[in-house]
Colleague: 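Input: one structure, supplied below.
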Amino acid sequence: MNRLNSGNTGQLPSDVQLPRYDRAALKPGIVHLGIGAFHRAHQAYYTEAVLNQLGGDWGIVGCSLRSANVREQLAPQDNLYTLVERSGDGEKLQLIGAVLKTLVGPEDPAALVALMSDPAIRIVSLTITEKGYCHDPATGDLNLAHPDVIHDLANLDRPVSAIGYLVAALQQRFQAGHKSFTALSCDNLPNNGEVLAKVVWQFAAQISAELADWIKANTAFPCTMIDRIVPATTDDDRHEIEARLGLRDEGMVVAEPFTQWVVEDKFSDGRPQWEKVGVQLVDDVHVFEKIKLRLLNGSHSTLAYTGYLSGFSYISEVMSEPAFVNMIKLYMAREAGETVTAPDGFDIEFYKQQLRDRFFNKALKHRTWQIAMDGSQKLPQRLLETLREQLAGNGHIDIICLAVAAWIRYVSGVDEQGNAIEVSDPLAKTLRQLCDDNAGNPLAMVKAVTSLSQVFGTDLAKDTRFIETTALWLTRFYEKGVLATIKHYFA
Ligand code: CS2
């Protein structure tokens with residue numbers, strides 16, 4: 001089957017939405033670090049909408065800092081790809097043309113630094129996942145012991161980390177007297193722009209106080225809240241869409257219809273008119289991100305660990321079991337719901353129901369395993385901040401403890417049938433060892449795992465109520481199994 005490219009889009013089915021602008025008029029204005037499926041279905045989707053609706057020349061250069069997979073998927077297709085929206089109402093296909101080029105950092109780090117140093121690049125956006133910030137999740141500080149940070153401080157001409165690339169490019173702009181770019185974090189972190197700013201400043205300060213000061217004075221780090229459920233693309237997806245398009249599209253992405261982007265309107269050198277296509281440009285993102293991280297992502301992680309251990313592959317399958325729906329409704333009403341305040345005019349009860357409907361979307365095969373990845377980097381902002389607030393107010397913590405217990409059961413690396421769990425987490429080995437060293441003793445396992453200050457800080461391990469409640473759930477999980485436990489307590 002022929003590969004999709006700019007020469008054969010004319011043979012695509014008529015119901016595939018094509019770019020309504022001249023791609024040849026686009027110029028690189030945005031460099032995106034981490035051009036995975038989420039960027040292609042979210043930020044690139046919004047920039048595409050600006051180009052379709054208003055024209056202009058904002059083009060994206062997508063960069064991978066690890067593997068060449070995405071470049072191999074997109075470059076042979078002139079960087080065109082299909083966005084497939086799936087829901088119970090069927091699917092909608094759109095061809096996205098906003099990505100002009102894809103680079104692989106490790107193949108030529110200097111070239112990527114040079115591109116990011118070019119004043120024509122006005123925004124550097126990032127989806128590098130929580131672990132890409134090289135920070136201590138509990139404090140937000142740059143982890144100076146991180147191997148990538150150690151490497152980049154000694155080899156800033158050929159960085160390996162996103163932070164290294166940012167500072168190397170900013171240093172070149174500073175030395176050349178160029179304007180700075182806006183560094184736009186699009187990751188699921190509270191105060192993501194502030195987290196990014198802190199690690200960039202701390203990294204730059206290791207080089208020179210003058211550089212750090214220049215960055216502070218000239219580089220905007222807006223906070224954002226990003227939301228769209230985008231499961232990893234599977235080979236089945238590619239085969240289905242190949243039959244649908246009549247062309248092979250290796251770079252396609254699948255997403256739900258729902259999408260939301262809230263951005264702090266703070267830019268160093270302009271931006272696309274995203275507000276014209278539904279992006280919310282606001283002064284303060286924090287209230288939106290807190291609601292989303294706690295109600296959506298906290299629920300997601302809870303469902304992912306309990307669902308995976310109950311034998312469910314997809315979130316929609318977990319939501320087909322009433323006991324899990326009851327558990328999440330209670331979590332949204334109590335543990336998380338009591339700690340968030342909705343902005344004026346925001347119908348939070350509708351938002352919660354909409355979240356549960358989104359989780360239930362059977363057209364999306366969103367794997368519990370995918371959401372379960374990197375729990376050591378995700379739990380702090382999704383569940384543990386909520387836990388702290390509830391503990392301080394002597395409030396509801398039960399389902400958060402249940403979720404932490406399920407995570408500990410998960411990172412033990414062995415499921416209830418004795419099969420290995422492929423735990424993908426920067427701390428996987430450490431977590432596995434802590435569980436093995438305390439096997440058979442749930443309370444000891446909880447104490448050992450919660451002693452990891454980079455995840456739990458230094459306070460939570462000392463909280464008897466948290467430790468004992470979590471150990472009680474872990475004991476139940478080992479004695480009865482996760483599914484039976486959830487059914488027993490939440491039927
Ligand atoms: C998910 C998120 O994989 C995960 O951890 O919880 O990617 C989630 O799908 C998005 O944040 C939804 O906006």
Side-chain angles (χ1 to χ4, degrees), residues 129-131 137 188 231-232 297-315 317-319 321 323-324 327-328 331 335 359 366-384 386-387 398-452 454-456 460 466-467 469-487 489-490:
T129 77
E130 295 85 347
K131 59 182 178 290
N188 278 321
N297 295 111
S299 299
H300 244 186
S301 292
T302 303
L303 292 167
Y305 298 115
T306 55
Y308 181 95
L309 292 163
S310 297
F312 296 117
S313 299
Y314 305 115
I315 286 293
E317 293 175 338
V318 187
M319 291 297 283
E321 175 54 60
F324 288 86
M327 173 181 72
I328 284 306
Y331 165 80
E335 281 81 354
F359 294 160
H366 200 184
R367 294 177 65 201
T368 49
W369 181 86
Q370 178 184 343
I371 298 166
M373 290 170 72
D374 297 341
S376 68
Q377 313 291 306
K378 293 178 178 178
L379 260 60
Q381 58 272 11
R382 296 182 177 203
L383 293 166
L384 303 184
T386 310
L387 173 65
D398 209 28
I399 298 174
I400 297 175
C401 296
L402 178 157
V404 173
W407 177 62
I408 293 171
R409 182 67 187 82
Y410 180 86
V411 299
S412 74
V414 181
D415 70 15
E416 294 176 0
Q417 288 68 44
N419 302 317
I421 300 172
E422 186 195 346
V423 178
S424 177
D425 190 298
L427 297 180
K429 280 188 183 164
T430 302
L431 291 161
R432 174 65 186 262
Q433 192 59 56
L434 290 172
C435 291
D436 286 350
D437 293 349
N438 296 282
N441 182 339
L443 178 60
M445 284 173 81
V446 170
K447 286 181 174 177
V449 171
T450 55
S451 67
L452 288 173
Q454 64 269 53
V455 180
F456 292 90
L460 293 175
F466 163 55
I467 296 298
T469 307
T470 304
L472 180 55
W473 282 112
L474 187 56
T475 301
R476 289 165 179 166
F477 290 157
Y478 273 112
E479 288 178 352
K480 298 189 178 78
V482 174
L483 181 56
T485 301
I486 302 295
K487 282 183 168 181
Y489 287 93
F490 299 98

Colleague: Show your working on side-chain contact (heavy atoms from CB on, under 4.5 Å) between Val404 and Val446 and close with a plain yes or no.
Modeller: CA-CA 9 Å; Val404 173; Val446 170; over 6 Å; no
Colleague: Does the side chain of Ile399 reach to within under 4.5 Å of the side chain of Phe490, using non-hydrogen atoms?
Modeller: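 Yes, their side chains come closer than 4.5 Å.
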Colleague: Please tell me if the side chains of Leu434 and Val411 come closer than 4.5 Å, counting only heavy atoms from C-beta onward.
Modeller: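 No; the side chains remain at least 4.5 Å from each other.
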Colleague: Which atom pair, heavy atoms only, marks the closest approach of Lys447 to Thr450?
Modeller: O-OG1, 3.4 Å
Colleague: May I ask you to decide if Tyr314's main-chain N or O and Glu317's side chain share a donor-acceptor pair within less than 3.5 Å?
Modeller: yes
Colleague: Testing the basics here: between Ala372 and Ala304, what is the closest heavy-atom pair and its distance to 0.1 Å?
Modeller: N-CB, 4.0 Å
Colleague: In Å, rounded to the nearest 0.5 Å, how long is the span from CG of Leu402 to OG1 of Thr485?
Modeller: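 OG1 of Thr485 is found 8.5 Å from CG of Leu402.
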Colleague: Can you tell if the side chain of Asn438 reaches within under 4.5 Å of the side chain of Leu443, non-hydrogen atoms only?
Modeller: no
Colleague: Would you check if Leu483 and Phe324 make a side-chain contact, meaning some heavy-atom pair closer than 4.5 Å?
Modeller: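 In contact.
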Colleague: Supply the atom-to-atom distance Asn188 CG to Lys378 NZ, rounded to the nearest 0.5 angstrom.
Modeller: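 Going from the CG atom of Asn188 to the NZ atom of Lys378 covers 8.0 Å.
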Colleague: Which atoms form the tightest heavy-atom contact between Val414 and Arg409, and what is the distance?
Modeller: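 Taking every non-hydrogen atom into account, O-NH1, 2.6 Å.
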Colleague: Supply the atom-to-atom distance Phe466 CZ to Phe456 CZ, rounded to the nearest 0.5 angstrom.
Modeller: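 Interatomic distance, Phe466 CZ to Phe456 CZ, rounded to 0.5 Å: 5.0 Å.
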Colleague: Between Arg432 (side chain) and Ser412 (backbone), is there a donor-acceptor pair under 3.5 Å?
Modeller: yes
Colleague: Mind checking whether His300 and Phe359 have ring centres under 6.0 Å apart?
Modeller: yes
Colleague: Any chance you could measure Leu472, atom CG, to Ile467, atom CD1, to the nearest 0.5 Å?
Modeller: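 Separation between the atoms: 13.0 Å.
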Colleague: Of the non-hydrogen atoms in Leu383 and Ala403, which two are nearest, and what is the gap between them?
Modeller: CD1-CB, 3.8 Å
Colleague: Using a 3.5 Å distance criterion without hydrogens, assess whether the side chain of Glu416 forms a donor-acceptor pair with backbone atoms of Gly481.
Modeller: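 Checked: no pair found.
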Colleague: When rounded to the nearest 0.5 angstrom, what distance separates CG in Leu452 from OG in Ser376?
Modeller: 8.5 Å
Colleague: Applying salt bridge (charged side-chain N to carboxylate O under 4.0 Å, His left out), can you list everything that pairs with Asp425, at least two apart in sequence or on another chain?
Modeller: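 Not a single residue meets the salt bridge (charged side-chain N to carboxylate O under 4.0 Å, His left out) criterion with Asp425.
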Colleague: Whether the side chain of Ser301 engages the backbone of Leu379 through a donor-acceptor N/O pair (distance < 3.5 Å, no angle test) should be reported.
Modeller: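 Judged by distance alone, no pair lies under 3.5 Å.
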Colleague: If only atom types and distance count, is the side chain of Tyr331 paired as donor or acceptor with the main-chain N or O of Ile400 below 3.5 Å?
Modeller: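 Side chain of Tyr331 to backbone of Ile400, a donor-acceptor pair under 3.5 Å: no, none is there.
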Colleague: Please assess Tyr308 against Ile421 for the test side-chain contact (heavy atoms from CB on, under 4.5 Å), listing each intermediate value before the final yes or no.
Modeller: CA-CA 10 Å; Tyr308 181 95; Ile421 300 172; 3.9 Å; yes
Colleague: In Å, rounded to the nearest 0.5 Å, how long is the span from OH of Tyr478 to CE of Met445?
Modeller: 3.5 Å
Colleague: Please check: side-chain N/O of Thr368 versus main-chain N/O of Ile315, any donor-acceptor pairing under 3.5 Å?
Modeller: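 Checked: no pair found.
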Colleague: Is there a donor-acceptor pair closer than 3.5 Å between any side-chain N or O of Glu130 and the backbone N or O of Asp374?
Modeller: no
Colleague: Could you tell me whether Lys429 atom NZ has more than 12 heavy atoms of other residues or ligands within 6.0 Å of it?
Modeller: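 Not buried by this count: 12 neighbours or fewer within 6.0 Å.
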Colleague: Short question: side chain of Lys487, backbone of Ala323 - any donor-acceptor pair under 3.5 Å?
Modeller: no
Colleague: Taking all non-hydrogen atoms of both residues into account, name the closest pair between Pro442 and Ala471 and its distance.
Modeller: CB-O, 4.0 Å
Colleague: Please report the shortest heavy-atom distance between Met327 and Leu303, naming the atom on each side.
Modeller: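 Minimum heavy-atom contact is CE-CD2, 4.4 Å.
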Colleague: Evaluate Val423 against Leu431 for side-chain contact (heavy atoms from CB on, under 4.5 Å), listing each step before the verdict.
Modeller: CA-CA 10 Å; Val423 178; Leu431 291 161; 5.7 Å; no
